[in-house]
Amino acid sequence: MEEGQKYHAIKVDEEKCFGCTHCMKACPTEAIRIVNGVASIRPERCVDCGNCLRACPAKAFYVEQDDLQNIFDYNYRIALFPSVLIGQFPEKYSEDQIYQAILKLGFTHIYEVEQPIRWLSEEIKKKTGRNREHPVISSFCPAVVRLIQSKYPSLAENITPLKAPHDLAANFAIEELKAKGANEGEIGIFYISPCSAKMAAVNQPLGEKKSVVNGTINMKDLYNRIMKIILKDKTEDFSPLRKNLSRDGILWSLPRGESRQFKSRAMSIDGIHNVVKFLERLENEEIAGLDYLELKSCSQGCAGGILLTGNRFLTSERLQKRALRYPSASKTEVPDVGKTIVQKKLQADKIEAKSIFVLHEDRVKALDRMQKAGKILCQLPGIDCGACGAPNCHALAEDMVQGNAKMTDCIFLQKRYIKENKLSVEKGFKSLEKVWGQKRFDADCNKKGGRNEGF
Amino acid sequence: MELVFEIEGGDFTSAGNASSKIKKVLKQLNIDSKTIKRIVIAVYEAEVNIVAHAKKGILKASIGSHFIEVKLTDKGPGIEDVEKAMEAGFSTASKQVREMGFGAGMGLPNIKKNVDELDIISEMGKGTLVKFKNYF
């Protein structure tokens, strides 16, 4: 990948996409446009939240992942997964049955991400000290971190300079295996990700140069593989593998999982549109006296991750029941294999702001563009129909002043220009074909959409 | 460029609309985030002042390449002693307004702290003009 280019885990399958505009409307950063009849993601704007994937009726979005076969490049093959993986299985499958199936797939070791959560929680508490910018914002959710970087640059310095739990667990696993005599080169850590944002964060980490994780696996894909081979009969007892897991760890990725650790005023917000509204207010300094802010892009936290299979509320329910069976973190003894090393490795670089909504680097030119966009908006119908291939009239006006769209992209303006003899019917049609592709105008009884299929 | 907003007295749900919109515009103009923050805080406080004290008001923001000038004119009770109103903690807000979490007497002091130039002209029983300017 080229230097400076933003990596994204979400891709569009142009064969499946038919440009229905659902994703374009759902995107919180207006990163999607329809070009040539299919959705196209603007990399500089995308925060990998996955709302497009959720909104798509044609299953045209997919998440890039590593081949499961890659695990066999290593002698020590670690399946590293967040606790929510367990939560999505029906209750009739026990934790041990799930563990057994994962080992049968070829992994040699299993680590649940949240095992040494106490170490992370200690570090967060150190970072919420007096001389920090308040409130301290959790670095847990990479979609939120990227959203703040690009949309709320003034809040970037409030983000805790700490890596995510999967980095913590990966380093913990490495130290533990090294203590048992493994060479670091023989250890392959494969992170089973509940979402596109965490996959993107492994491939292009925030606040560090290179992730310690060797590969990412799509949780949906793994779920299907497990369901194929899982046995319903009695299994071995794998509970020793979970001896470090605590109640706090299991709840960590759910709403309030982090904020419940704090005695001071801590809040938890889930769902990216809720997060956006809250950050808007926080940035205006309308909210005072808040010490810690836990923000999760998905509603119900990671239980609502886009790569999970079950219903988010059922997943959350199973996890909460599961958590009750485990001791609290303060009562679990995490073996001190390289605690100092692991905690040191948790420190991340400062999160830099990268504003993406600037109309032009030069302020005078930006102001000029903004005034032009204002004038264009007077001409547009204001119904945000999306037929131009942009999510709303305002976005179209901004695209125009940046040279990425033209007046005739708007079907209302086209009609007007044709009536006023300023545009030929032929030219107007050509310009629509550019957005929607040539086939869009042919009659096709088998086309997707328009019949409530899968909507 | 000029942005105009009408502010309704007593409508606390809409307080913050103008400051949010102005913030969005300033971000698109590539203005330093610390400068934006100061302006947004001042605009928000001034908006809340109208909502909390006046019947209605108009906010006009003129944005140039090196400055923003914000003018708020309201029809309201006016400020009896502007100097006193500038003191931190001095408030004439009603009990009702305070119960909503506003009226702590920090409005004008907060505006003063965050702007480069500030003018207040008030006429008792008629209304108030608050004008401030920030340079980028």
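Chain letters run A, B, ... following the sequence lines, proteins first and then strands; every chain starts at 1. A quick note: this is a predicted structure, and the numbers were derived from the prediction, not measured.
In terms of heavy-atom pairs under 4.5 Å with chain B, the best-connected choice from R363(A), R369(A), K365(A) is R363(A).
Heavy atoms closer than 4.5 Å to chain B are found in the side chain of E285(A), but not in its backbone. Contact of K27(B) with chain A is made through backbone and side chain together, with heavy-atom distances under 4.5 Å. Using a 4.5 Å cut-off between heavy atoms, E361(A) contacts chain B through both its backbone and its side chain. With a 4.5 angstrom heavy-atom cutoff, V25(B) touches chain A via backbone and side-chain atoms both. Looking at I36(B), there are no atoms closer than 4.5 Å to chain A (heavy atoms on both sides), in backbone or side chain.
When the shell of 6.0 Å around NZ of K75(B) is examined, it contains 12 or fewer heavy atoms from other residues, nucleotides or ligands. Crowding of K406(A) atom NZ: a count of heavy atoms from other residues, nucleotides or ligands under 6.0 Å exceeding 12. Surrounding CD of Q379(A) are more than 12 heavy atoms belonging to other residues, nucleotides or ligands, all under 6.0 Å away. For R260(A), the CZ atom counts as densely surrounded, since its 6.0 Å shell holds more than 12 non-hydrogen atoms of other residues, nucleotides or ligands. Residue E83(B) qualifies as open at atom CD: its count of foreign heavy atoms under 6.0 Å is 12 or below.
Of all heavy-atom pairs spanning L367(A) and S65(B), the tightest one is CD2-N, 3.7 Å. Here the closest non-hydrogen pair linking S19(B) and N284(A) is OG-ND2, 4.0 Å. Of all heavy-atom pairs between N30(B) and H360(A), the closest is CB-O, 3.9 Å.
Using a 4.0 Å cut-off between a side-chain N of Lys or Arg and a carboxylate O of Asp or Glu, K23(B) and E283(A) qualify as a salt bridge.
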* List the steps and the verdict of side chain to side chain contact (heavy atoms under 4.5 Å, CB included) for Y44(B) and E286(A). => CA-CA 8 Å; Y44(B) 178 69; E286(A) 290 173 41; 3.4 Å; yes

* **Stepwise side chain to side chain contact (heavy atoms under 4.5 Å, CB included) check, K34(B) with S154(A)** => CA-CA 7 Å; K34(B) 290 206 168 72; S154(A) 73; over 6 Å; no

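Remark: M1(B) CE to D368(A) CG distance equals 11.0 Å, nearest 0.5 Å.
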